[in-house]
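Worksheet: the structure to be examined is printed underneath.
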Amino acid sequence: MIEPPVAPRENHEIRQFGRVRTDAYAWMKFIPSSGTRTLGGLPPRLRKHLEAEMRYARDVLRPLEPAAQWFRERLAAGAPEFREPAPEVSEGWHYHAGPPQGGSHRVFFRTGADGRTQHLFDEAVRAEGHAYYRATDHQPSPDGRYFAWAEDVVGDDRHRICLLDIDSGAIRILVPSDAFGYGGLTFSSSSRYLFWIWRDAHSRPTRLYRSPVEEGGAALVHEEHDPGIFMRVARTAAGRFVTLTLAGPDTGEVRLIAAGAETDPPRPVRPRRPGVRYEVDEWNDALLMLTDADGAIDRKLLRLDPVTLEVRDELVPHRAGVPIIAIKPFAEALVRLERDQGLHRLVLTHPDGRETTIGFDEPAYCLELADLQPYGAGRVRVTHQAPASPPRRVDVDLASGRLHVAERTGPRGFDPAAYRVERLEARTPDGEAVPVTVLSRRDARGPQPLLLTGYGAYGIAREPDFSWPAAVLADVGFRYAIAHVRGGSEKGARWYRDGCRERKGHSMTDFIACARHLVATGHAAPGRIVAHGVSAGGLLVCGAMNMAPDLWAGVIAQVPFVDMLNTMSDADHPLVPLLRPDWGDPLADPDAYDWIAGISPYENVGRAAYPPLLCTAGLKDDRVPYWEPAKLVANIRHRGTGRNPAVLLLDPDSGHQGSDDRDRAFAQAALFWAFACRCAGVPVPPDGPGRS
């Protein structure tokens with residue numbers, strides 16, 4: 001038996017609203033006065049403890065290496081080869097990217113209407129010399145001269161912005177640091193400027209700047225002083241405006257910067273109001289407002305006059321339980337992505353008012369509208385995928401609604417017919433029906449070991465997408481299931497709201513109900529269920545672990561949000577002001593304190609025999625800092641009555657997300673699956689027919 005590190009306990013009392021709690025591991029929290037965290041910069045006692053955790057993790061996980069190696073080889077052998085997709089013209093060019101054969105980073109190209117392909121840049125070159133690399137928000141300028149993106153070479157989500165002059169091939173750093181990715185930059189319609197968002201010392205996006213693409217300094221366009229507001233900048237479909245969207249969970253505001261007036265102050269469309277969110281785009285000489293105003297919790301679509309900003313008419317009314325997820329306008333038709341009965345569908349609205357609805361006759365699937373599609377295109381490109389169907393690019397004719405498969409991608413040698421996808425419903429103690437998506441080998445018979453995953457937060461749906469690692473796990477005899485619990489938006493805004501604040505416990509009881517339903521229906525073998533969740537999904541699975549520790553054969557929690565009460569009581573945390581509407585405010589509301597205290601995984605570790613637990617953490621993570629899983633692991637070792645390992649797998653070079661490297665992603669998945677197999681008693685390599 002390998003003995004784990006024993007973390008010192010201190011009597012650190014915290015008093016709020018007359019409640020007193022002791023946070024014995026509060027000393028693990030460390031925020032440097034400047035810069036990012038490194039192992040060498042930690043206080044000596046903390047560094048010693050975390051290094052001991054890293055050694056313990058290596059020792060405990062070392063016996064899993066042969067199984068992990070088998071999974072790595074299997075994943076790499078099936079990794080999709082990079083192929084040129086069928087050209088789709090975007091202002092004369094189609095932009096595409098993917099790792100070359102044998103590579104793990106993307107190479108970016110563009111293909112002209114004449115079939116000529118032009119190399120843009122190679123992320124492997126950009127990543128050289130950096131322990132961490134992740135890039136986002138790749139986009140060309142409207143005139144096709146430039147290509148911009150945000151890249152993080154530290155791991156702390158603070159990006160620099162790069163600009164490629166395609167004519168010369170020169171790349172320069174337009175913004176050297178502290179930029180915000182993930183919707184944080186866009187070109188002006190004239191291609192003369194790049195609008196970009198800056199992060200403050202708390203890592204909150206608070207300022208919009210405008211930088212000339214040629215030489216020149218950045219000009220401040222807008223500064224946001226409400227810490228509960230996040231920012232997003234984009235260009236509208238026809239390029240007549242740049243939109244600055246200022247939004248929190250329960251309020252929003254959009255400001256417009258008109259083409260031809262790109263140095264003017266942005267103009268508000270509507271002032272922000274508590275309880276009202278909206279987004280703005282344009283179509284057919286009108287502005288479009290997608291909003292939840294007037295009780296339209298699943299959103300309605302209004303047309304506005306582009307000059308007066310007054311409402312012209314209601315284009316799509318609110319329909320309870322049929323949320324509008326996104327819109328993409330084209331001159332030929334307005335495309336909207338919505339969800340009906342929990343599944344995606346497309347609706348084309350033509351200028352004359354006709355509508356064409358496009359769905360797919362499958363038990364579970366998801367759709368995504370592709371980026372970089374010109375307003376004048378005659379078709380919309382959609383990515384379709386399902387748990388047993390690798391992503392395929394489908395072109396939908398905007399006039400007729402006819403579908404054409406433009407490109408298929410997928411693992412080499414993968415046979416969708418070898419798998420079965422089912423959509424089930426689990427009944428909860430309070431009578432709700434929770435959707436469950438299940439992937440199995442078609443030749444699977446009877447109860448199988450099960451990996452159950454979920455998310456259930458912020459109204460983000462856990463979509464039934466394709467996962468090559470999940471298919472490989474099914475190949476060794478597991479069933480892989482997604483629990484679409486409350487807190488997500490799989491069944492609309494009501495489903496989201498019923499998993500927030502004082503109702504957050506529903507997410508966890510839903511997850512438990514899904515596991516028990518899969519046992520009752522013969523899908524899962526009792527005692528052989530492994531739970532898996534990421535970030536807020538880590539809160540989900542660790543909360544479910546506290547509620548029913550004997551239900552799980554093992555738990556895998558990636559960067560889990562588990563120190564919920566202490567984090568939500570920290571007003572300086574980057575995300576706390578933004579997330580109070582989702583979780584509650586234990587600094588201002590005693591009821592919020594009580595309901596958070598009732599479910600926070602760290603606070604609710606009990607005297608129980610816990611299953612094997614594998615937690616990951618990134619030392620540079622500002623969203624869910626390393627001390628959250630570190631404190632949970634220490635508390636389970638202190639209070640738990642069993643002898644199963646609780647492991648903290650700390651990456652000193654990463655943040656909330658791992659480096660964008662396919663080999664590293666496969667290595668992590670391989671380790672998780674080796675851990676799951678050990679917990680569930682599944683041999684690797686597997687035995688029996690169909691298992692190779």
Side-chain angles (χ1 to χ4, degrees), residues 4-5 7 23 25-32 36-43 45-61 64 131-132 134 152 154-158 203 455 457 531-543 545 554-567 570 573-575 600-603 605 610 612-638 645-661 664-665 667-669 671-672 675:
D23 184 1
Y25 303 111
W27 62 269
M28 292 187 185
K29 177 178 178 178
F30 172 70
I31 300 175
T36 60
R37 280 184 292 269
T38 63
L39 275 177
L42 299 177
R45 178 173 67 158
L46 177 58
R47 177 180 178 178
K48 180 180 178 181
H49 175 70
L50 293 181
E51 287 177 337
E53 290 282 15
M54 294 168 71
R55 289 192 298 271
Y56 175 71
R58 285 195 295 268
D59 291 343
V60 170
L61 299 175
L64 303 181
Y132 181 96
R134 177 172 285 272
D152 176 7
V154 176
D156 59 1
D157 269 349
R158 303 178 77 91
S203 289
Y455 189 74
H532 169 260
V534 181
S535 193
L539 167 68
L540 172 71
V541 300
C542 291
M545 177 182 66
V555 174
I556 302 168
Q558 291 179 245
V559 291
F561 175 38
V562 287
D563 192 14
M564 189 182 182
L565 182 57
N566 287 312
T567 292
D570 179 3
H573 186 283
L575 297 178
S600 176
Y602 172 62
E603 303 290 337
V605 172
Y610 278 83
L613 171 65
L614 176 58
C615 287
T616 71
L619 186 64
K620 299 176 181 179
D621 191 349
D622 284 333
R623 292 192 235 175
V624 181
Y626 69 89
W627 59 77
E628 296 209 20
K631 290 166 66 176
L632 176 72
V633 163
N635 210 20
I636 286 175
R637 291 178 190 152
H638 174 70
V647 179
L648 176 68
L649 187 62
L650 176 68
D651 184 342
D653 295 316
S654 76
H656 197 61
Q657 302 178 92
S659 186
D660 192 6
D661 177 323
R664 291 192 188 187
Q668 184 179 67
L671 177 61
F672 290 165
F675 180 83

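To the nearest 0.5 angstrom, Met545 atom CE is 5.0 Å from Leu613 atom CG. Between the CG atom in Asp651 and the CE atom in Met54 there is a gap of 7.5 Å [rounded to 0.5 Å]. Taking SG from Cys542 and OH from Tyr610, the interatomic distance works out to 9.5 Å, rounded to the nearest 0.5 Å. Annotation: the span from Ser600 atom OG to Glu628 atom CD amounts to 8.0 Å, rounded to 0.5 Å.
Residues satisfying the ring pair (Phe, Tyr, Trp, His ring centres under 6.0 Å) test with Tyr25, not counting sequence neighbours, are none. Partners of Ala536 according to the side chain to side chain contact (heavy atoms under 4.5 Å, CB included) rule, which considers only residues two or more places apart in sequence or in another chain, are Tyr455, Ala457, Tyr458. Residues satisfying the side-chain hydrogen bond (donor to acceptor under 3.5 Å, both in side chains) criterion with Ser535, sequence neighbours excluded, are His656.
Contact record, Leu648 with Ala57: O-CB, 3.5 Å, taken as the closest heavy-atom pair. Contact between Ala7 and His49 at its shortest, heavy atoms only, is CB-CE1, 3.5 Å.
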Should Asp152 and Tyr132 be marked as a side-chain contact (heavy atoms from CB on, under 4.5 Å) after you check the CA-CA gap, both sets of side-chain angles, and the distance that decides it? CA-CA 8 Å; Asp152 176 7; Tyr132 181 96; 3.6 Å; yes
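Not one N or O on the side chain of Lys620 forms a donor-acceptor pair closer than 3.5 Å with the backbone of Thr36. Checking side-chain atoms of Arg47 against main-chain N and O of Leu42 turns up no donor-acceptor pair under 3.5 Å.
Test Thr567, Asp570, Asp23, Asp563 against Lys29 for side chain to side chain donor-acceptor pair (under 3.5 Å) and you get one pass: Asp570.
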